[in-house]
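Step one of this worksheet: look at the structure below.
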Amino acid sequence: IYGASVITALTAQNTRSVDAVMPVAESFIAAQFQSVISDLAVSGIKTGMLGDEATVTCVADLLRSVRVPIVVD
C-alpha cells in the first residue's frame, strides 16, 4: 500500500488555530493528480481540505476521470 497526496492548500497553523490559507493553483493540482494516477494503481481516494470554490470544482472535475471509491471529508 502506498499513500499519495495531492496538495490543494497551504496553511499557516498551530495547535490552536489556522491563521492563513493559500490555495494551490488548479493547474498544479491537476499536474499532481495526473502524476500520481499515472504511476500508482489507485484503489480509493479521500479528499481533505479544499480551500476554496475553484479548488472544489477542479477536484470534482479530476475525480470524474477515475472509477474508484471516493470519501469526501
Side-chain angles (χ1 to χ4, degrees):
I1 296 175
Y2 292 96
S5 298
V6 173
I7 304 302
T8 61
L10 303 174
T11 63
Q13 66 184 58
N14 57 34
T15 60
R16 292 172 285 163
S17 64
V18 176
D19 300 313
V21 177
M22 183 172 65
V24 172
E26 292 86 36
S27 61
F28 196 72
I29 292 169
Q32 292 179 82
F33 183 83
Q34 293 304 324
S35 184
V36 169
I37 66 168
S38 72
D39 184 45
L40 300 173
V42 177
S43 57
I45 294 174
K46 177 196 155 299
T47 66
M49 182 181 158
L50 303 175
D52 61 11
E53 184 177 347
T55 301
V56 171
T57 300
C58 174
V59 170
D61 291 344
L62 292 167
L63 293 179
R64 287 187 188 92
S65 71
V66 294
R67 301 283 185 242
V68 298
I70 298 167
V71 175
V72 178
D73 182 16

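Bear in mind that the values here come from a model prediction, so they are computed numbers and not experimental data.
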Nearest atoms (heavy-atom pairs only) where Thr47 meets Val72: OG1-CA, 3.2 Å
For Ala4 against Val36, the heavy-atom pair lying closest together: CB-CG1, 3.8 Å
Residues 27-34, side-chain donor-acceptor partners within the protein, below 3.5 Å, at least two apart:
| unit_1 | atom_1 | unit_2 | atom_2 | d |
| --- | --- | --- | --- | --- |
| Gln32 | OE1 | Ile7 | N | 2.9 |
| Gln32 | NE2 | Ile7 | O | 2.9 |

Shared hydrophobic cluster for Val71 and Ile45 (ILVMFWY, side-chain gaps under 4.5 Å): no
Side chain to side chain donor-acceptor pair (under 3.5 Å) contacts in which one or both residues fall within residues 1-11, not counting sequence neighbours: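 As it turns out, the side chain to side chain donor-acceptor pair (under 3.5 Å) pairs with a partner in residues 1-11, which skip direct neighbours, are Thr11-Gln13.
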Counterpart residues, salt bridge (charged side-chain N to carboxylate O under 4.0 Å, His left out), relative to Asp19 (two or more places apart):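 By the salt bridge (charged side-chain N to carboxylate O under 4.0 Å, His left out) rule, Asp19 matches no residue at all.
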Distance (rounded to the nearest 0.5 Å) between Ser43 OG and Ile1 CD1: 7.5 Å
side-chain contact (heavy atoms from CB on, under 4.5 Å) between Leu62 and Ile37, worked out: CA-CA 11 Å; Leu62 292 167; Ile37 66 168; over 6 Å; no
Cluster companions of Val18 among Ile, Leu, Val, Met, Phe, Trp, Tyr (side-chain spacing under 4.5 Å): Val21, Met49
Within residues 46-61 or reaching into it, pairs that qualify as salt bridge (Lys or Arg N to Asp or Glu O under 4.0 Å) - sequence neighbours excluded: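 Of all non-adjacent pairs touching residues 46-61, those that pass salt bridge (Lys or Arg N to Asp or Glu O under 4.0 Å) are Lys46-Asp73, Asp61-Arg64.
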